[in-house]
Amino acid sequence: MRILLVATAFNSLTQRVFAELGDRGHEVAAETVPDGAAVRAAVRRHTPELVLAPMLKAVIPPDVHRAHTCLVVHPGPVGDRGPSSLDRAVQEGATRWGVTVLQAEEELDAGAVWASASCTVPPVGKSDLYRNEIADAALEALLLAVSRYASGSGNPRRQDDPGLRAAVRSRPYLRQRERLIDWRHDPTTTVLRKLRAADSQPGVRDELLGGVFHLHGGHPEDRLRGRPGDLLATRTGAVCRATADGAVWLPALRERSPDGRRGITLPAVQALGDRLPPLPEDPAPAWPDQEGRRTWADIRYAESGAVGFLRFSFPGGAMSTGQCRRLLAAYRRACERPTSVLVLGGVRDFFSNGIHLGVIEAAADPAGESWANIVAMDDLVEAVLTTTDRLVVAALGGNAAAGGAMLALAADEVWCRRGAVLNPHYRLMGLPGSEYWTCTLPRRVGAETARALTEDALPVSAAAARRLGLVDRLLECGPQAFAGEVAALAVRTAQDPGTHRRVAAKKAALEEEQARKPLAAHRAEELARMRAVFFDPGAPYHALRAAFVRKEPPPFPPPVPRLPARTAHSRAGRAHAGGPERASGAAPGGVSAADGGGRIL
C-alpha cells in the first residue's frame with residue numbers, strides 16, 4: 001500500500017513507523033511539514049492511499065482529510081484530547097497511559113477511533129517514555145489501524161458514541177506556570193514529576209543564581225540534604241539541589257538567551273559557568289555499584305558471577321569529550337575484573353548518539369572541541385575493538401546513531417531490543433564519520449551494504465538490522481524488562497563453553513585483521529577526513545550543528561542522502577529533535593539522523 005507519513009519532524013517515532021512499515025512491504029514516503037499548506041502539497045505530490053501523522057503539530061486541512069483517510073497518532077488514551085497529553089500524564093503521576101489512532105477531522109483529537117493501545121508509565125522522563133513504552137503502544141495501534149484500513153475491515157468508533165462519550169476529556173497546553181517548582185515547599189516526588197514531564201522540551205523555567213534557566217531532567221538523591229532551593233554539590237557535570245524533604249540531581253540546563261534565540265542545553269555545571277559558587281564534588285557510589293543507593297550516576301558497574309555490566313546513560317545519548325574519557329577509564333577498570341563477559345549498556349533508552357554537539361557549539365573553539373571529542377570517541381572504540389581476553393557485548397535498550405552505533409559495532413556481539421532504531425551514518429550532519437566505521441561496518445554487512453547504509457542515511461529497524469547483520473540478537477521484551485533479559489542472557493553466555501573458545505580465538509583473529517589493514521590505518525584515514533571538515537570554517541557541518549542545537553532552520557538544506565528505489569530523501573525541513581505530538585521530545589545533541597527534519601519522497 002502507498003502510505004505517506006506527514007510529521008513536524010522526522011523524529012524517533014516517525015523513523016520507527018517509517019522503517020517498520022517498510023519492513024512489512026508498504027511503499028512508504030515521508031515529509032516534514034511546517035503547516036497545513038505543506039501537508040496539502042505533500043499529498044498532492046504523492047497521491048497516497050493512506051496518510052499517517054505519527055507526530056504532527058500542523059493541522060491537516062479539511063480538503064485533505066475529506067478527500068483522503070488521514071490517521072493521526074495521539075499519545076493519550078481514547079477520549080483524551082489536548083496538546084500536552086503526555087506531559088500531564090507524567091506530571092500527574094499516571095501509572096498507565098495509552099495511544100490512540102484517530103481519523104483527522106476539523107476538531108483536534110476529536111476524530112473517530114481506528115485503534116488504541118495501553119502501556120505502563122514507569123518513573124522516567126517524558127522523552128524516554130515517549131521513545132519506549134509510548135512508541136511500542138503507538139506501533140501496536142498504528143499497525144492494527146493500517147491492517148484494518150488495508151483489509152477494509154475498519155469500523156472506526158466516533159467519540160460521540162455513547163460508549164466513548166464519557167471518556168472524552170480536553171485539556172489545554174501545559175504552561176510554565178503549572179510546571180514551576182516551589183523549592184521551599186515541593187517534596188522530592190513532586191519536583192521529580194515536574195522535571196520528568198518537561199525533561200527534554202520545554203524544560204522547567206526557573207531562576208537560579210541570578211539567571212533564568214530551563215531545567216532538563218532530574219534524578220533523586222538519597223543522602224545529601226540542605227536548605228530547600230540551595231545547591232549542595234556537583235557530580236560529573238550535574239548539580240544537586242535541595243527540595244523540601246530531600247534533594248535532586250539536575251543534569252542539564254538551558255539558559256534563556258537575552259537576544260531571544262534559543263539557548264543550548266548543556267551539562268548543568270557548564271551552563272552555570274562563573275555563577276556557580278564553590279561546591280564539593282560528591283562522587284558516585286563506590287566501585288562496584290553499591291546496592292541500595294537511590295542516587296544518580298551516569299556510569300555504573302556491577303557484576304553477576306563471571307559477567308561484568310558497564311552501564312552508562314548520558315542525556316540524549318550525546319557523549320562529550322569528558323564523558324568519553326570517563327567511560328573509557330571505567331571500561332579499562334572493568335577489564336581488570338575477573339570476568340569472561342562484559343556488557344556495555346544494557347539499560348533502557350538511548351545507547352549512544354555519538355559526539356556532543358551542544359558542548360561543541362558552546363565551546364570557545366568549536367573546531368578544537370570537535371576534534372577532541374572525536375579523538376576521545378575513537379579512543380573508547382579502539383579499547384573495545386582491541387579487547388581480546390573476554391567477550392564484549394553491546395546491549396541496546398534504545399536507539400543508537402552515528403558514532404554511538406559504531407561504538408556498539410565494535411563489540412563482539414550486539415543485542416538489541418526490538419523497539420530500537422539504528423542510524424549507522426553521519427552525513428546528515430555533514431560529516432564523513434570516524435570511530436573505525438570503515439573497519440567494523442563492512443566487516444559486519446559487507447562493503448556494498450556499508451556504503452548504502454552510510455550514503456542512504458535512513459533509519460534501520462531492529463529487525464532489519466538483525467537481517468543485515470548489524471545486530472546479533474533481538475530481545476522481544478518491554479523497555480523495563482530489557483535489563484533483566486540482558487543480565488540473564490549474559491550469565492548463560494558466560495556459562496557456555498563455546499564462549500570460552502571464542503575468547504581464546506579473539507587474539508589470533510585481531511592479529512589476522514591487523515595484518516590485512518591495521519586499525520591505526522583506518523583511524524588515520526577517518527580522522528584526516530574529519531579534521532578537514534572540523535577546521536574548515538565553510539564546511540556545512542558548522543551551520544548544521546548550530547541550527548541543530550538551537551532548533552533553528554539551517555541557512556541551507558542539509559546534505560541530501562541517496563535512497564533506495566522505493567524512496568527518495570531530501571532534507572527540506574529543519575534539523576529538529578523529536579518528541580511527542582504537539583509537545584516535545586528528546587534533544588539529543590549527538591550526531592544523529594534520528595532527529596533531523598526532511599522529506600522522504
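- A donor-acceptor distance shorter than 3.5 angstrom exists from the side chain of Gln176 to the backbone of Arg205, with no hydrogens or angles considered.
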Side chain to side chain contact (heavy atoms under 4.5 Å, CB included) evaluation trace for Leu253 with Gln270: CA-CA 9 Å; Leu253 307 177; Gln270 183 176 351; over 6 Å; no

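- Counted by atom type alone, Arg223 and Thr295 present zero donor-acceptor pairs between their side chains at under 3.5 Å.
- Judged by distance alone, the side chain of Asn399 and the main-chain N or O of Val421 form a donor-acceptor pair under 3.5 Å.
- Listed here is the closest heavy atom pair of Ala238 and Pro251: CB-CA, 3.8 Å.
- Residues passing the salt bridge (Lys or Arg N to Asp or Glu O under 4.0 Å) test with Arg196, sequence neighbours excluded: none.
- Using cut-offs of 30° and 60° on the angle between ring planes, the pair Trp249 and Trp296 is tilted.
- Smallest separation of non-hydrogen atoms from Ala137 and Ser118: CB-O, 4.2 Å.
- Here Asp80 does not pair with Arg88 in a salt bridge; the nearest charged N to carboxylate O distance is not below 4.0 Å.
- Atom CZ of Arg545 and atom CD1 of Ile360 lie 6.5 Å apart (nearest 0.5 Å).
- Nearest approach of Arg131 to Asp349, heavy atoms of both residues: NH2-OD2, 2.6 Å.
- A salt bridge is absent between Lys194 and Asp206: the closest approach of a Lys/Arg side-chain nitrogen to an acidic carboxylate oxygen does not fall below 4.0 angstrom.
- Taking CG from Leu231 and CG from Leu224, the interatomic distance works out to 12.0 Å, rounded to the nearest 0.5 Å.
- A donor-acceptor pair shorter than 3.5 Å cannot be found between the side chains of Tyr130 and Ser200.
- In this structure, Arg81 contributes its side chain and Gly76 its backbone to no donor-acceptor pair below 3.5 Å.
- In terms of heavy-atom proximity, Ala247 sits nearest to Arg225 at N-NH1, 4.1 Å.
- Between Arg235 and Asp282 there is a salt bridge, since a side-chain N of the basic residue sits under 4.0 Å from a carboxylate O of the acidic one.
- In this structure, the separation between OH on Tyr426 and CG on Leu431 is 9.0 Å, given to the nearest 0.5 Å.
- Side chains of Leu428 and Phe10 form no contact here, defined as non-hydrogen atoms less than 4.5 Å apart.
- Side chain of Asn373 to main chain of His356: a donor-acceptor pair is present (N/O by atom type, distance under 3.5 Å, no hydrogens or angles).
- Not one N or O on the side chain of His74 forms a donor-acceptor pair closer than 3.5 Å with the backbone of Pro83.
- Looking at Pro315 and His216, their side chains never come closer than 4.5 Å, going by heavy atoms from C-beta outward.
- Contact of the Pro77 side chain with the Trp97 side chain is registered, since non-hydrogen atoms from C-beta on lie closer than 4.5 Å.
- Put simply, the side chain of Asn353 never gets that close to the backbone of Gly317: no donor and acceptor are under 3.5 Å apart.
- Between Leu232 and Arg241, every side-chain heavy-atom pair lies at or beyond the 4.5 Å cut-off.
- With hydrogens and angles ignored, the 3.5 Å screen pairs no side-chain donor or acceptor of Glu361 with any backbone N or O of Pro366.
- The two atoms that bring Gly203 and His214 nearest to each other are O-CD2, 3.8 Å, heavy atoms only.
- Without hydrogens or angle criteria, Ser84 side chain to Tyr173 main chain gives no donor-acceptor distance under 3.5 Å.
- Side-chain contact between Ser370 and Met530: absent, with no pair of heavy atoms (C-beta onward) separated by less than 4.5 Å.
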Do Tyr541 and Asp536 pass the side chain to side chain contact (heavy atoms under 4.5 Å, CB included) test, and can you show the C-alpha distance, the side-chain angles, and the key distance before you say yes or no? CA-CA 9 Å; Tyr541 159 70; Asp536 175 6; over 6 Å; no

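- For the atom pair CZ of Arg311 and CG of Leu344, the computed distance is 11.5 Å after rounding to the nearest 0.5 Å.
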Might you work through the side chain to side chain contact (heavy atoms under 4.5 Å, CB included) test for Leu56 and Val72, ending with a clear yes or no? CA-CA 8 Å; Leu56 187 65; Val72 177; 5.6 Å; no

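- In this structure, CD on Gln323 lies 12.5 Å from CD1 on Ile355, to the nearest 0.5 angstrom.
- A side-chain donor-acceptor contact under 3.5 Å links Thr14 and Asn11.
- A 4.5 Å side-chain heavy-atom check between Leu192 and Pro123 finds every atom pair outside the cut-off.
- Using modelled atom types, one finds a donor on one side chain and an acceptor on the other under 3.5 Å when comparing Gln15 with Asn423.
- Every side-chain hydrogen bond (donor to acceptor under 3.5 Å, both in side chains) that Arg348 has, sequence neighbours left out, goes to Asp128, Glu133, Gln480.
- Counting non-hydrogen atoms of other residues, nucleotides and ligands closer than 6.0 Å to CD of Glu207 gives a total of 12 or fewer.
- One finds the OG1 atom of Thr190 at 10.0 Å from the CG atom of Asp182 (value rounded to the nearest 0.5 Å).
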Would Val101 and Leu52 count as a side chain to side chain contact (heavy atoms under 4.5 Å, CB included) here? Give the steps. CA-CA 9 Å; Val101 177; Leu52 302 179; 5.9 Å; no

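- Atom CZ of Arg275 is surrounded by more than 12 heavy atoms from other residues, nucleotides or ligands within 6.0 Å.
- A donor-acceptor pair is defined here as one N or O able to donate and one able to accept, closer than 3.5 Å; such a pair exists between the side chain of Asp245 and the backbone of Thr188.
- Between Met406 and Val381 there is no side-chain heavy-atom pair separated by less than 4.5 Å.
- A pairwise comparison of heavy atoms in Gln91 and Glu178 identifies NE2-O, 2.9 Å as the closest pair.
- Between Met377 and Ser434, the closest side-chain pair of non-hydrogen atoms is not below 4.5 Å.
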